[in-house]
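Predicted, not measured: the structure shown is a model, and the values here were computed from it. Numbers restart at 1 for each chain; the letters A, B, ... are given by sequence-line order, proteins then strands. Excluded from the calculations below are hydrogen atoms, water molecules and symmetry mates; all remaining heavy atoms, backbone and side chain alike, are included.
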Amino acid sequence: MAKACDMDRQNQLNAAQREAVETLSGPVLILAGAGTGKTRVITHRMAELIRRGTPPERILSVTFTNKAAREMRERAVRLLGAGRKPHPHVSTFHSLCSHILRQEIWRLGYPAEFVILDRGDQESQARTALRDIRVAEEKLRPADLINIISRWKMVGVEPEAAAEAAQNPRDVLAATAYRRYQKNMKASASVDFDDLLLLTSRIFENFPEALSRWQARFDHVQIDEYQDTNGIQFDLVEALVRPHHNLCVVGDDDQSIYGWRGADLRHILGFAEAFPGTRVIRLQDNYRCTDQILQLANNLVRHNKSRHEKHLIPHKFASQSVRYLEFPDDIKEAEHVVREIQYLVNEQQVLPGDAAILFRTNEQPRVFETQLRKARLPYVVLGSMSFFDRREIRDLLAYLKVLWRPEDDISLLRIINVPARGIGATTTEKIMARAVLNRQKFWDASAEAAAAGAIPKKMADALVAFQQLLNRFRADCREHPQRLDEILSRLIEEIGYEAEIEKQYKEPPEQLMRMAVVEDLVKTLKDYCAQAAEPSLGGFLEEAALTGKDEQGDKDDKLAETGVKLMTLHSAKGLEFSRVYLVGMEEGLLPHKRSIDDMTTAAIDEERRLAYVGVTRAKDYLTITRAARRMKWGRTIFTQPSRFLNEMRAAHPTLETKDE
DNA sequence: CTGATTGACGTTTTT
DNA sequence: CGTCAATCAG
């Protein structure tokens, strides 16, 4: 909303922006500092390309999040006029690759109907892969394995290469598990998030005819948030633009915060070497922050060594726009911030939606939520624990997955006894043991086990009854793909899921909340059916897997605009707010303890960039806070002020300490 | 098989 | 402190 206003207000582009918009061919690197209008530039550039005769569908813009993609599409429509069709392609790397893989994955021996695993399914896969392996005394939790595999995949390491490179027992274990994991994934026609990129890159590498088909689809490619590009993403882009080099990347090396996910600063720092003839354009006019906020940001990021030199020029001047506050403990910190917002809302006609509370870790918002509820201020926690991570949603999605693909045993095992229907762990394990032994699917193994009298008659009957229920609903879904939401409602009713919620959760308010979540899923499915050209369970599940966090219901959308926003610094990337509260400015939190222990300057530099991102989200007022004491695992720990405070304060006397 | 209780264990960041 | 797995009595 704020962005739309900016756009109307300054209909003009400044000289650098105009240059960026009008440099249309060959490689272009736009170094766009925080708040310099890069999203605007990318959109205008698309419009300009179209105006000069490029067919819209031959332009591809890649964004970092689905939300950013949606926003950019909306902007493009506004700029080009709604009647204009078709529109340029705007998508994330993951959606793009998923789309490509639908058509090309058969080349790698996968069935075309692959499924994208969500985080929960991925964990079960990791758990299976880890079962019964032990290397020396080394142990690995599924979550750790997922992280290790992800890091390997992002730099293109195959299981065999991982095994060869393994140095210590931990790596050996991880490599063995990786091999199994990947084998199981292929066998069950599943891909994880990283596979979407990795497999697409493999196809481009090994099947020239496939690559040239995709190369021929796009004349111009633009990449946003280029500083967060990892090795695989670079390979993909490089392959796509190889024939013409019409590649425009936009980014800010000072805002690179995804190193832990394989993002490599060398891609933006060395872009001009990788693409000879690159035109470099710098956007340095900052229209977002006040001069004071900008000065803090500059003081801070100056301490990083490897970066493109930039001088952000402020265009907004105000006094008293930055503050630093210290509190005795984390509860007082939250109390004060919330009380202040409440005061501003009541007395100064500030909207709750103008304020954002930014923090480093996901355990921090808890205290703030309690206070916000107490103050009866509307708020949203964005990013973290999302709709699709909730237990109810995962259960019901597992049902839908089993309906979509009868052979999806992972999902089946999740729900076979949810709600409890007398098919317990002993029975399922017996059947699964058989299935693994005979390389069968669950239902085949179950039928054989029943025939052989290996399981009690009562169980066998329960199993058959459940299988018939699934078959009935499956047929229903196939026959009425327009009314999937009604079918889901009936399913929920028939399996008695609401009674299950009542049994699981004793408190009525909690029950209501959980049921509302279930309602939301039905509604999401309804919306999908209404909007999709050819609705199917598969289509819905793919959308759910890809867009997960962003695509919450309308109700949440509205709240996201009008409520106080709480989010991690990572999710705040690319956003801006009138008032920012950057909380928990302490050693151990920002920079995080893990990065301090890492003992490398690179790790601290990334934390510093994180702080930089936080500071530069603020348009008018920035409040930085710290708690001297904080509860962790039920214990009190004492904290030190973050080193970044000193770095910012160095040339900035207005940042004095005020005790409460 | 189910439900309740105990105990160990750990927490960066996310498409 | 909160989560999750393991354990035990119905």
Quick one: is A:Asn230 getting a side-chain N or O under 4.0 Å of the B:dT15 phosphate, OP1 or OP2?
no
Spacing of the P atoms in C:dC4 and B:dT13 (rounded, Å): 15 Å
A:Arg594 CZ to B:dG10 C1', in whole Å, measures 10 Å
How would you label the contact of A:Asn417 with the nucleic acid (heavy atoms, under 4.0 Å): base, sugar-phosphate, or nothing? sugar-phosphate
Checklist entry - Below 4.0 angstrom from OP1 or OP2 of B:dT14, is there any side-chain N or O of A:Thr65? => result no
Salt bridge between A:Asp605 and A:Arg307, side-chain N to carboxylate O under 4.0 Å? no
Q.
Regarding A:Arg141, tell me which of base, sugar-phosphate or nothing describes its non-hydrogen contacts under 4.0 Å with the strands shown.
A. sugar-phosphate
Six-ring centre of A:Phe577, A:Lys565 cation under 6.0 angstrom, axis tolerance 45°:
no
Here the distance between atom P of B:dC1 and atom CG of A:Leu463, to the nearest Å, is 11 Å
Discussion item. Taking only side-chain N and O atoms of A:Ser571, does any of them lie within less than 4.0 angstrom of OP1 or OP2 on B:dT13?
Written reply: no
On DNA chain B, more 5' by nearest nucleotide between A:Glu607 and A:Thr426 is A:Thr426
Rounded to whole Å, the CZ-P distance (A:Phe193 to B:dT15) equals 8 Å
When rounded to whole Å, the OH to C1' distance for the pair A:Tyr258 and B:dT15 reads 8 Å
(request) Answer yes or no: is there an ion pair linking A:Arg366 with A:Glu369, defined by an N-O contact shorter than 4.0 Å? (result) no
Considering only heavy side-chain atoms of A:Ala420, the closest of B:dT13, B:dT15, B:dT2 is B:dT2
Note to self: Under 4.0 Å, heavy atoms only, any strand: does A:Met459 hit a base, just the sugar-phosphate, or nothing?
What the structure shows: sugar-phosphate
Quick one: is the NZ or CZ of A:Arg414 closer than 6.0 Å to the six-membered ring centre of A:Tyr399, and within 45° of its axis? no
Treating A:Ser124 as the side-chain partner and A:Asp121 as the backbone partner, does any N or O pair qualify as donor plus acceptor under 3.5 Å?
yes
Side-chain contact check for A:Phe64: nearest option of B:dC1, B:dT15, B:dT13 is B:dT15
Name the orientation class of the two ring planes belonging to A:Tyr178 and A:Trp152 (parallel below 30°, tilted from 30 to 60°, perpendicular beyond 60°). parallel
A:His94 NE2 to B:dT15 C1', in whole Å, measures 4 Å
The residue, A:Thr428 or A:Arg151, whose nearest nucleotide of DNA chain B is more 5′ is A:Thr428
Please write out each protein N/O paired with an N/O of nucleotides 1-10 of chain C under 3.5 Å, distance rounded to 0.1 Å.
unit_1 : atom_1 : unit_2   : atom_2 : d
C:dC1  : O4'    : A:Gly634 : N      : 3.4

In whole angstroms, the gap separating P of B:dT15 from CG of A:Asp224 amounts to 15 Å
Using a strict 4.0 Å threshold on nitrogen-to-oxygen distance, state whether A:Arg141 and A:Glu123 make a salt bridge.
-> no
